[in-house]
There are 2 protein chains.
Amino acid sequence: MDYMSELDKYPKPAMAVDIVIFTIIDDILKVLLIKRGRNPYAGKWCLPGGFVLIAESLEDAALRELREETNVKDVYLGQLYTFGNPKRDSRGRVISVAYYALANHEKISPKITGDESIKNVEWHNVNKLPELGFDHKEILEYALKRLRYKLEYSVVGLELLPEKFTLTQLQKMYEIILNEPIDKRNFRKKISTMNFLEDTEEMKKGSHRPAKLYTFRKMPASKFKKIKLEK
Amino acid sequence: MDYMSELDKYPKPAMAVDIVIFTIIDDILKVLLIKRGRNPYAGKWCLPGGFVLIAESLEDAALRELREETNVKDVYLGQLYTFGNPKRDSRGRVISVAYYALANHEKISPKITGDESIKNVEWHNVNKLPELGFDHKEILEYALKRLRYKLEYSVVGLELLPEKFTLTQLQKMYEIILNEPIDKRNFRKKISTMNFLEDTEEMKKGSHRPAKLYTFRKMPASKFKKIKLEK
DNA sequence: TCAAAAGTGTTCCGAATACACCCATGA
DNA sequence: TCATGGGTGTATTCGGAACACTTTTGA
């Protein structure tokens with residue numbers, strides 16, 4: 001064990017994860033924030049997150065924090081970037097690996113009362129954000145950029161839709177995330193060439209013409225064609 | 001300072017950076033490796049890297065290690081991914097942020113004698129790699145994938161060429177990195193629409209028709225058109 | 001019969017690809 | 001005069017983008 005000491009020669013930074021969880025509520029793209037109950041940034045909104053345990057992988061840490069603070073499981077979780085500015089946390093040196101996820105808010109019950117460092121948990125409109133603590137504004141903007149980029153060339157967002165959905169619902173989800181309108185015919189053309197939807201025999205009814213319901217085909221993402229949406 | 005203790009509640013992982021530096025020597029894409037002089041993996045080849053100092057940013061740590069071990073400065077350095085598997089280092093918990101860079105090997109003088117943990121430094125053909133220590137094979141493969149991807153849609157590699165170069169040299173660089181042939185006419189067409197080269201008045205001579213020399217235009221990368229190369 | 005959403009094709013443009021020959025020079 | 005790399009154009013295909021009307025249903 002003589003090389004154990006090699007790791008302890010210098011003081012170590014603390015290692016954290018921060019998670020950006022997006023959802024759509026009432027046709028608005030929202031992100032889950034936690035109001036801090038203690039300094040620094042007491043009373044400010046922040047991303048959920050916390051310190052990585054010594055024997056836990058980064059993704060496990062992110063999933064654990066997500067579960068503890070928001071009750072979310074089974075989400076698409078992507079590593080975003082690692083933020084390591086020595087001044088980013090006034091408590092000392094904290095390096096944070098940021099993850100991002102999309103989740104269906106109906107399967108989530110954010111805890112309103114949390115542990116001692118949490119006062120409140122809320123979904124916030126990404127276009128009307130409050131002032132955020134730490135460098136979380138930067139992390140959030142980065143996540144949003146990445147999410148939109150990802151949307152342009154791959155299959156994202158099944159978490160946000162019901163098991164069976166119409167093409168209009170799917171398109172609406174894209175429009176909400178990208179924050180811009182999409183042409184219906186072009187959208188449908190591309191979705192169909194991407195070949196990732198499965199036709200169900202069912203129809204969705206309403207006081208209008210019934211719409212076909214689709215499900216996501218279960219196959220590796222690599223099998224899908226990339227999608228590029230118009231400006 | 002009562003919240004200083006918050007960071008020290010749990011044992012901390014050690015924080016490292018690993019750097020993947022590519023270059024081209026004799027028309028072969030190579031990567032700089034270091035032969036470890038001590039356990040674990042004594043005698044195995046590894047990526048350059050080391051621990052992050054407590055007051056130093058991640059990128060500064062990567063640049064410092066790069067400078068200390070290889071004498072490289074002024075390289076394009078991109079953050080790749082953060083590797084945090086708890087078992088990735090047998091000495092204890094070590095999380096590593098990987099960076100990658102392209103460098104002109106003629107401006108580098110890798111140190112053959114290094115500090116006590118280094119026995120030797122060498123450029124290795126990426127297609128004929130030795131067995132690597134730690135999870136460095138995975139990191140390297142990831143870096144290579146990213147480099148190739150980046151090459152397809154942006155301007156990469158000015159570090160590898162002389163100040164003034166011919167279109168054939170540029171094309172050859174692309175072919176070596178992508179490891180596949182490119183059509184000359186299509187390549188030139190795309191390069192010229194991308195508009196990132198500046199025509200010098202000079203010609204390169206040889207025992208063949210002289211070739212025009214170009215330089216990279218100095219402008220923000222965002223101004224360049226993206227490039228997509230044929231398969 | 002009306003409101004509401006579903007569904008559907010064509011044209012245009014630009015970028016990607018495939019492909020082969022002549023040119024200028026130095027040895 | 002030959003070997004060596006330099007330099008150039010066209011036709012085809014494919015994907016992205018713009019664009020408007022008819023259909024089906026329930027109220």
Side-chain angles (χ1 to χ4, degrees), chain A residues 26-27 148-149 151-155 161-162 164-176 178-215 224-231, chain B residues 26-27 148-149 151-155 161-162 164-176 178 180-215 223-231:
Chain A
D26 295 336
D27 292 347
R148 285 177 174 151
Y149 180 71
L151 206 60
E152 286 188 344
Y153 69 89
S154 68
V155 190
L161 292 173
K164 292 167 186 173
F165 52 89
T166 68
L167 293 177
T168 301
Q169 286 177 292
L170 182 65
Q171 178 177 343
K172 187 137 205 170
M173 183 194 78
Y174 271 72
E175 289 176 326
I176 290 166
L178 296 176
N179 200 28
E180 61 192 15
I182 299 172
D183 179 87
K184 185 162 43 157
R185 281 166 294 187
N186 293 342
F187 181 78
R188 286 167 183 238
K189 214 182 308 168
K190 263 171 251 160
I191 292 294
S192 79
T193 66
M194 283 173 69
N195 188 39
F196 68 88
L197 293 189
E198 190 136 8
D199 195 348
T200 71
E201 297 300 296
E202 297 165 64
M203 304 291 271
K204 185 183 192 186
K205 300 207 167 187
S207 58
H208 51 77
R209 177 170 174 177
K212 262 192 181 162
L213 286 165
Y214 295 84
T215 55
F224 298 140
K225 276 186 117 166
K226 72 175 221 170
I227 186 173
K228 177 74 181 73
L229 290 168
E230 69 196 288
K231 186 178 62 206
Chain B
D26 296 336
D27 293 346
R148 286 179 173 150
Y149 181 70
L151 204 63
E152 285 189 346
Y153 68 90
S154 68
V155 189
L161 292 173
K164 292 168 186 169
F165 52 88
T166 67
L167 293 177
T168 301
Q169 287 176 292
L170 182 66
Q171 178 177 342
K172 188 137 205 172
M173 183 194 78
Y174 272 72
E175 289 176 327
I176 290 166
L178 295 176
E180 61 192 15
I182 300 172
D183 179 88
K184 186 163 40 158
R185 281 166 295 188
N186 294 341
F187 181 78
R188 287 167 183 236
K189 214 183 308 168
K190 263 172 250 161
I191 292 295
S192 78
T193 67
M194 284 173 69
N195 187 42
F196 68 87
L197 292 189
E198 189 135 8
D199 195 345
T200 71
E201 297 300 296
E202 298 165 65
M203 304 292 270
K204 184 182 193 187
K205 300 207 169 185
S207 59
H208 51 76
R209 178 171 174 176
K212 264 193 181 162
L213 286 165
Y214 296 84
T215 55
K223 291 279 182 127
F224 298 139
K225 277 185 117 167
K226 74 174 220 170
I227 186 174
K228 179 76 180 71
L229 290 168
E230 71 196 289
K231 186 175 62 209

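Chain naming here is simple, since letters A, B, ... match the order of the sequence lines and numbering starts at 1 in each. Just so you know, these numbers use all the heavy atoms, side chains as well, and skip hydrogens, waters and symmetry mates.
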Kindly give the heavy-atom pair with the smallest separation between [X] and [Y], and that separation in Å.
| X | Y | result |
| --- | --- | --- |
| B/F165 | B/Q169 | CA-OE1, 3.1 Å |
| A/D199 | A/L213 | OD1-O, 3.9 Å |
| A/L167 | A/F187 | O-CE2, 4.0 Å |

- Message: Nearest heavy atom decides the nucleotide; on that basis, is A/P210 or B/P210 closer to the 5' end of DNA chain D?
- Response: B/P210
Distance in angstrom units between [X] [atom1] and [N] [atom2], rounded:
| X | N | atom1 | atom2 | result |
| --- | --- | --- | --- | --- |
| A/M203 | C/dA6 | CE | C1' | 9 Å |
| A/F187 | D/dA18 | CZ | C1' | 17 Å |
| A/I191 | D/dG16 | CD1 | C1' | 14 Å |
| B/K189 | C/dA20 | NZ | P | 14 Å |
| A/N186 | C/dC13 | CG | P | 16 Å |
| A/K204 | C/dA6 | NZ | P | 8 Å |
| B/K190 | D/dT8 | NZ | P | 17 Å |
| A/L178 | D/dG16 | CG | P | 15 Å |

- The residue, A/A211 or B/R209, whose nearest nucleotide of DNA chain C is more 5′ is A/A211
- Query: On DNA chain C, nearest-nucleotide positions of B/R185 versus B/H208: which is more 5'?
  - Reply: B/R185
- side-chain contact (heavy atoms from CB on, under 4.5 Å) evaluation trace for A/M203 with A/K212: CA-CA 5 Å; A/M203 304 291 271; A/K212 262 192 181 162; 3.8 Å; yes
- Message: Side chain of B/S207 only, heavy atoms from C-beta on: which candidate in C/dA20, C/dA27, C/dG7 is closest?
- Response: C/dA27
- Using a 4.0 Å heavy-atom cut-off across all strands, classify B/K212 as base, sugar-phosphate, or nothing. sugar-phosphate
- Taking only N and O in the side chain of A/K184, is any of them less than 4.0 Å away from OP1 or OP2 of D/dC19? no
- Output yes when at least one side-chain N/O atom of A/R188 is less than 4.0 Å from OP1 or OP2 of C/dG7, else no. yes
- Message: Using the rule given for side-chain contact (heavy atoms from CB on, under 4.5 Å), can you reason through A/Q171 versus A/D183, listing the C-alpha separation, both sets of side-chain angles and the distance that settles it, and then say yes or no?
- Response: CA-CA 9 Å; A/Q171 178 177 343; A/D183 179 87; over 6 Å; no
